[in-house]
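Since the structure is predicted, the reported quantities are computational estimates derived from the model, not experimental observations.
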Amino acid sequence: MKIALIGYGKMGKTIEKMALEQGHSVTLIIDVHNPEDLNSRNLQKAEVAIEFTRPESAFNNILKCIEAGVPVVSGTTGWIHRKEELEQQCNTYDGAFFYASNYSIGVNIFFALNRFLAHMMNTQPQYAIELEEIHHTEKLDAPSGTAITLAEGIMSEIAQKTDWVNESNEANHIIPIISKRIPKVKGTHQINYRSAIDDLEIKHVAHTREGFAKGAIQAAQWIIGKKGSFGMKDMLGF
Ligand SMILES: NC(=O)c1ccc[n+]([C@@H]2O[C@H](COP(=O)([O-])OP(=O)(O)OC[C@H]3O[C@@H](n4cnc5c(N)ncnc54)[C@H](O)[C@@H]3O)[C@@H](O)[C@H]2O)c1
């Protein structure tokens, strides 16, 4: 497939390397130095766009792809409060948009496990919940998009939990998310259920960025020819 890469940082470069190894081609690379090249004429030379940039630029980048009629896969985190707005634009332009806060297959299994565990914990209020995420020091947003998805998964299963905050908090309705930034950590997420009698913990540790790149390329192949707004659940059938 012919790919337009938007964002040529750690993820953009990892995706380019893996895509070329898989026999795909990259017809366009957009980074902070050439935003003017992100136009319909250039985009339409690709079959699909993959966007990994920054929270402040993701919305407009994705919108340009939708307006150009090019399906777009985005992994940029930290802009998700505008996702609904984008989905409306996707409908207006009859476009195709795929978003995942985390493209790793293992993390998506972890999301399903998280909801399953939370479902059982709904009737066990003696356990206090805490979510912890650790990433490299260059990560701009906190908490991570993955941690927010995990918190949302817990809130959908545990009636008492109605909100999360990005700090320690002991209120019954709150899920505290503790964010740590440590050099070179690719991404660790842990959910702790603690009681006076015992603790229960589930944890996912990413070893390389390649898991994210692999999932994003798979999503790019999957979305070609489709219309609408999609996520990993649609692709993986969870
Ligand atoms: N969903 C996932 O699975 C997943 C995995 C890893 C990272 N991420 C997220 O993806 C994003 C990128 O991560 P990264 O590690 O590659 O970051 P990075 O800082 O290494 O790269 C971001 C790149 O975007 C470029 N950029 C900035 N503004 C731009 C613009 N307006 N147009 C085009 N390019 C622009 C920067 O120059 C930089 O090269 C972050 O939001 C990160 O949290 C998501």
Working for side chain to side chain contact (heavy atoms under 4.5 Å, CB included), residues Lys83 and Phe59: CA-CA 8 Å; Lys83 186 166 172 251; Phe59 183 92; over 6 Å; no
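- Taking each heavy atom of Ala147 and Ile177 in turn, the nearest pair found is CB-CG2, 4.0 Å.
- Asp37 contributes no side-chain N or O that, together with a main-chain N or O of Asn42, makes up a donor-acceptor pair within less than 3.5 Å.
- Using modelled atom types, no side-chain atom of Asn61 and backbone atom of Glu51 make a donor-acceptor pair closer than 3.5 Å.
- Linking Ile, Leu, Val, Met, Phe, Trp and Tyr whenever their side-chain heavy atoms come within less than 4.5 Å leaves Val73 and Ile30 in two separate clusters.
- Scanning all heavy atoms of the two residues, the minimum distance from Ala49 to Cys65 falls at CB-SG, 3.7 Å.
- Electrostatic pairing of Arg181 and Glu133 counts as a salt bridge here, judged by a charged N lying under 4.0 Å from a carboxylate O.
- Cation-pi check for Lys13 over Tyr8 is met; the charged atom lies under 6.0 angstrom from the ring centroid and within 45 degrees of its normal.
- Taking OG of Ser229 as the start and CZ of Phe97 as the end, the distance is 5.5 Å to the nearest 0.5 Å.
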Would Glu170 and Ser168 satisfy side chain to side chain donor-acceptor pair (under 3.5 Å), going step by step from the backbone distance to the final call? CA-CA 7 Å; Glu170 289 182 5; Ser168 289; over 6 Å; no
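- Using a 4.0 Å cut-off between a side-chain N of Lys or Arg and a carboxylate O of Asp or Glu, Glu67 and Lys64 do not qualify as a salt bridge.
- With rounding to the nearest 0.5 Å, the separation of CD in Gln124 from CD1 in Ile158 is 10.0 Å.
- Ser40 pairs by the side chain to side chain contact (heavy atoms under 4.5 Å, CB included) definition with Gln44, Ala68, not counting sequence neighbours.
- Nearest heavy atoms, Ala159 versus Asn122: N-OD1, 3.1 Å.
- For the pair Glu47 (side chain) and Lys2 (backbone), a donor-acceptor distance under 3.5 Å is present.
- Listed for the Lys161 side chain is a donor-acceptor partner under 3.5 Å among the backbone atoms of Asn172.
- Between the CD1 atom in Ile154 and the CD1 atom in Ile129 there is a gap of 5.0 Å [rounded to 0.5 Å].
- Side chain of Thr76 to backbone of Thr53: a donor-acceptor contact under 3.5 angstrom is found.
- Within the 4.5 Å cutoff, no side-chain heavy atoms of Glu167 are placed close to those of Pro176.
- Between His189 and His135, the ring planes are perpendicular. Angles over 60° get that label, and only those under 30° would be called parallel.
- With Tyr99 as reference, Trp79 is the one residue of Trp79, Phe230, Phe52 to meet the ring pair (Phe, Tyr, Trp, His ring centres under 6.0 Å) rule.
- With hydrophobic clusters built from ILVMFWY side chains whose heavy atoms lie under 4.5 angstrom apart, Leu150 shares a cluster with Leu200.
- Annotation: cation-pi pair Lys226/Trp222 present, NZ/CZ under 6.0 Å from the ring centroid and within 45° of its normal.
- Between Phe98 and Val72, every side-chain heavy-atom pair lies at or beyond the 4.5 Å cut-off.
- Connection of Val107 to Leu236 is not established within any shared hydrophobic cluster, with ILVMFWY side chains joined at heavy-atom distances below 4.5 Å, either directly or through further cluster members.
- Met18 and Ile6 end up in different hydrophobic clusters when Ile, Leu, Val, Met, Phe, Trp and Tyr side chains are linked at under 4.5 Å.
- In summary, Glu201 and Arg194 engage in a salt bridge, as defined by a charged side-chain N under 4.0 Å from a carboxylate O.
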Between Thr77 and Ser101, does the side chain to side chain donor-acceptor pair (under 3.5 Å) criterion hold? Intermediate values first, please. CA-CA 6 Å; Thr77 54; Ser101 64; over 6 Å; no
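- Formation of a donor-acceptor pair under 3.5 Å by the Asp31 side chain with backbone atoms of His33 is not found in this model.
- The 12-atom threshold is exceeded at NZ of Lys45, counting heavy atoms of other residues, nucleotides or ligands nearer than 6.0 Å.
- Between Ile223 and Val48 there is a side-chain heavy-atom pair separated by less than 4.5 Å.
- More than 12 non-hydrogen atoms from other residues, nucleotides or ligands lie less than 6.0 angstrom from NZ of Lys227.
- Rounded to the nearest 0.5 angstrom, Arg82 CZ and Gln88 CD are separated by 11.5 Å.
- Checking Gln190 against Asn192 by side-chain atom types alone, a donor-acceptor pair falls below 3.5 Å.
- Of the possible polar contacts, none joining the Asp94 side chain to the Cys90 backbone as a donor-acceptor pair under 3.5 Å is found.
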Decide yes or no on side chain to side chain contact (heavy atoms under 4.5 Å, CB included) for Thr149 and Asn102, but give the supporting numbers first. CA-CA 9 Å; Thr149 305; Asn102 196 309; over 6 Å; no
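- The number of heavy-atom neighbours closer than 6.0 Å to NE2 of His136, taken from other residues, nucleotides and ligands shown, is above 12.
- Remark: Leu140 CG is packed, more than 12 non-hydrogen atoms of other residues, nucleotides or ligands lying under 6.0 Å away.
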Output, in order, the C-alpha distance, side-chain angles, deciding distance and verdict of side chain to side chain contact (heavy atoms under 4.5 Å, CB included) for Lys184 and Ile182. CA-CA 7 Å; Lys184 299 195 181 348; Ile182 298 174; over 6 Å; no
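- When only modelled atom types and interatomic distance are considered, Ser179 and Asn166 share a side-chain donor-acceptor pair under 3.5 Å.
- For the atom pair CD1 of Ile3 and OG1 of Thr27, the computed distance is 8.5 Å after rounding to the nearest 0.5 Å.
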For a side chain to side chain donor-acceptor pair (under 3.5 Å) check, start with the C-alpha distance between Asp198 and Tyr193, then their side-chain angles and the critical distance, and finish with the verdict. CA-CA 9 Å; Asp198 57 7; Tyr193 288 84; over 6 Å; no
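- Salt bridge annotation for Glu157-Arg115: present, with a cationic side-chain nitrogen under 4.0 angstrom from a carboxylate oxygen.
- Checked against side chain to side chain contact (heavy atoms under 4.5 Å, CB included), Glu84 has the following partners two or more places apart in sequence or in another chain: Glu87.
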Evaluate Glu132 against Ile191 for side chain to side chain contact (heavy atoms under 4.5 Å, CB included), listing each step before the verdict. CA-CA 6 Å; Glu132 182 180 296; Ile191 299 149; over 6 Å; no
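- A distance of 11.5 Å separates CD1 in Ile105 from CZ in Phe212, rounded to the nearest 0.5 Å.
- Considering every non-hydrogen atom in both Met232 and Ser104, the closest pair reads CE-O, 4.4 Å.
- The number of heavy-atom neighbours closer than 6.0 Å to NZ of Lys214, taken from other residues, nucleotides and ligands shown, is 12 or below.
- Heavy atoms only, all atoms of each residue included: Met235 and Ala219 are closest at SD-CA, 3.5 Å.
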